[in-house]
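Accompanying notes for the structure given below.
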Amino acid sequence: MVAVALVHSTALMTERLPEKPPAWLTRGERTFAYPYKDWRKPRVWCLAFFTDRHARYERRRIIGVGGVFPGRRSGTYERALLARDFTALRVPLPLVNLEGAMGASRRFLKDDGRLSPAAGDNLLAAIRHLRPELNETLDGLENSLGANPPTGREGEQRSFEKDAMGTVMETFGADRDPLEAWQQPLSGDDPRSRSVPFIEGMPDLRQIEDQQIVHDYLRFPGMEGEDAVQVGWRIYRRSSESHHRLFVYNANRTNAETVMGVDMIYVNEHARSVAMVQYKRMRQSGPGWVYWHDATGERELKRMETVDYQCKAEDEWARTSQQRTTLGDPRLIPTPSMVKLCRTTPFMMNSAALIPGMYLTREHFQELLQRPEADGPSGGTRIVEESVPRYLNNTTFTTLLRDGWIGTRGTGWDYVIDLIRESLSANGPGSVVVGMHRSEVPPGNRRVN
């Protein structure tokens, strides 16, 4: 069942909505400032009927239909409102013509925002009855906006990609709200839907001039893509006035049924620092949760160990040769590779929450695998959730990463960039989310001379 909303269009919406969306808005979504008012929770994509906002209710008319998502408050009196798939009515429909069919719900016609389920059903049925020529358009909107969340292995994969996206945004200091507006980029029946990057289902909220977008897009290595690799990307700012920009890239190169895992890479260009996280699934075993380490996990662990060893070697060389790039720039964790152990979680639509989990350094993860209790009762190597004595939670990890206490120092920058390029290639992991923080402002807890 799809949520239904009534939107009294602003002057700018009345002017711009009928126009064809710019080509760079791949999903046709546009963001408008809209008078703030509390909408019914949870915040979801709604099938919306747009009015001309005439001052007198008796003369107010529905001028179009489309989809909307209510963003959070963007000022004292305004909120951001995402709109897409707008179709103008050839002949506007007066609201007073709907009162009889709406019954007791007619009072909602004078209001705006998401309607109650009963009022929404009544409004939708009344418009279908009065304007049967809209049925095909309304069917398409209901199918796209009321799409079911991905399930099974694909749902698990999407959950980890979503968590990686949310962690990158949280570390950067941006709102995770766009995660709530995620929609399946393609129909769930389309086999290609399982290989489309998660980020393609997120709204376009670019606030940078087209030429600047193209310039920065081409600066990042590996973004030309390769065969069998689909790359999606977005740009975020902390606020419209902020000089901090976050470039997020999401590559997916294979069917979600067969991928080995998700990597998250966070790059702070100012600090010339990088941190990488490998996601690991924990499965329920009796009353508890267990991660089982297999040959695939061992290969991934060796890959991380090689990366850490190379970064340590270059860091030691810089220290002994008195390179100024690293002096006085300490890290609590100076190597880039980490692991996040997560419970297997179904994909949740209309939610920006991060998956609860345990962040471990690569060394700590290896130590847990070598303990006597890691031996399974029938063979195999495991980590039992309740046996992990210490770990970083989401809040601690993102805080330390944001302030530059986790990740490499300025050494090995070229080596790290080569790793990112490889991660976005056909030889990379099943899915990778790369966040690049660009700013002239250094990370927190640093003295600025």
Side-chain angles (χ1 to χ4, degrees), residues 42-45 69-72 80 82 149-150 154-185 196-206 232-239 242 244-252 256 259 261-268 274-282 338-360 391-403 406-407 423 429-437:
R43 292 186 301 144
V44 298
W45 276 100
F69 183 85
R72 292 191 187 275
L82 289 174
E154 183 187 355
E156 293 177 13
Q157 182 74 11
R158 294 301 193 199
S159 289
F160 289 149
E161 288 183 284
K162 177 181 177 181
D163 187 80
M165 280 290 306
T167 301
V168 164
M169 297 174 77
E170 180 77 14
T171 301
F172 172 67
D175 252 341
R176 299 198 308 268
D177 288 2
L179 295 174
E180 296 182 339
W182 186 87
Q183 288 279 300
Q184 190 75 275
V196 174
F198 171 87
I199 201 171
E200 288 297 329
M202 291 179 64
D204 289 297
L205 296 174
R206 300 174 190 164
W233 64 293
R234 294 288 187 275
I235 302 174
Y236 299 97
R237 283 183 176 178
R238 292 178 180 173
S239 66
S242 176
H244 293 268
R245 290 180 294 170
L246 178 68
F247 291 70
V248 185
Y249 304 86
N250 181 196
N252 197 343
V259 298
V262 173
D263 274 351
M264 185 203 81
I265 304 175
Y266 189 84
V267 181
N268 188 307
V274 64
M276 298 181 285
V277 177
Q278 172 78 59
Y279 281 75
K280 303 289 187 184
R281 293 181 177 88
M282 291 190 291
M338 299 192 71
V339 168
K340 183 177 183 180
L341 293 178
C342 302
R343 294 183 179 185
T344 302
T345 306
F347 187 86
M348 299 292 292
M349 300 286 284
N350 310 313
S351 170
L354 300 180
I355 300 175
M358 300 183 291
Y359 285 95
L360 309 168
Y391 58 89
L392 299 179
N393 61 19
N394 289 326
T395 302
T396 306
F397 174 76
T398 54
T399 301
L400 293 175
L401 185 57
R402 179 187 305 125
D403 289 340
I406 294 177
S423 294
S431 178
V432 62
V433 174
V434 180
M436 174 168 278
H437 179 181

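Excluded from the calculations below are hydrogen atoms, water molecules and symmetry mates; all remaining heavy atoms, backbone and side chain alike, are included.
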Would you please name every residue forming a side-chain hydrogen bond (donor to acceptor under 3.5 Å, both in side chains) with [X], sequence neighbours left out?
X      : value
Glu170 : Arg176
Asp175 : none
Thr344 : Arg283

Min side-chain heavy-atom separation [X]-[Y] under 4.5 Å:
X      : Y      : answer
Met358 : Met282 : yes
Val44  : Glu180 : no
Met165 : Ile199 : yes
His437 : Val267 : no

If you round to the nearest 0.5 Å, how far is [atom2] of [Y] from [atom1] of [X]?
X      : Y      : atom1 : atom2 : result
Tyr279 : Phe160 : OH    : CZ    : 8.5 Å
Glu156 : Cys342 : CD    : SG    : 11.0 Å
Gln278 : Leu341 : CD    : CG    : 10.5 Å

Can you list the residues that meet the side-chain contact (heavy atoms from CB on, under 4.5 Å) rule with Thr396, with sequence neighbours excluded?
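Here the qualifying residues are Leu392, Asn393, Leu400.
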Under the side-chain contact (heavy atoms from CB on, under 4.5 Å) test, residues paired with Ala174 that sit two or more places apart
Phe172
Residues in salt bridge (Lys or Arg N to Asp or Glu O under 4.0 Å) contact with Lys162, at least two apart in sequence or another chain:
none
Which residues satisfy the ring-ring contact (aromatic ring centres under 6.0 Å, His included) test with Phe347, sequence neighbours excluded?
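Checked Phe347 against ring-ring contact (aromatic ring centres under 6.0 Å, His included); matches are Trp182.
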List in chain and number order the residues that pass ring-ring contact (aromatic ring centres under 6.0 Å, His included) with Tyr266, two or more places apart in sequence or in another chain; answer none if no residue qualifies.
none
For the side chain of Asn394 and the backbone of Ile355, is there at least one donor-acceptor N/O pair under 3.5 Å apart?
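Yes, the answer is positive, given that a donor and an acceptor are paired below the 3.5 Å cut-off.
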Mark yes or no for whether Ser159, through its side chain, and Thr345, through its backbone, hold a donor-acceptor pair below 3.5 Å.
yes
Can you pull the salt bridge (charged side-chain N to carboxylate O under 4.0 Å, His left out) pairs that have at least one residue in residues 342-358, sequence neighbours excluded?
Arg343-Glu385
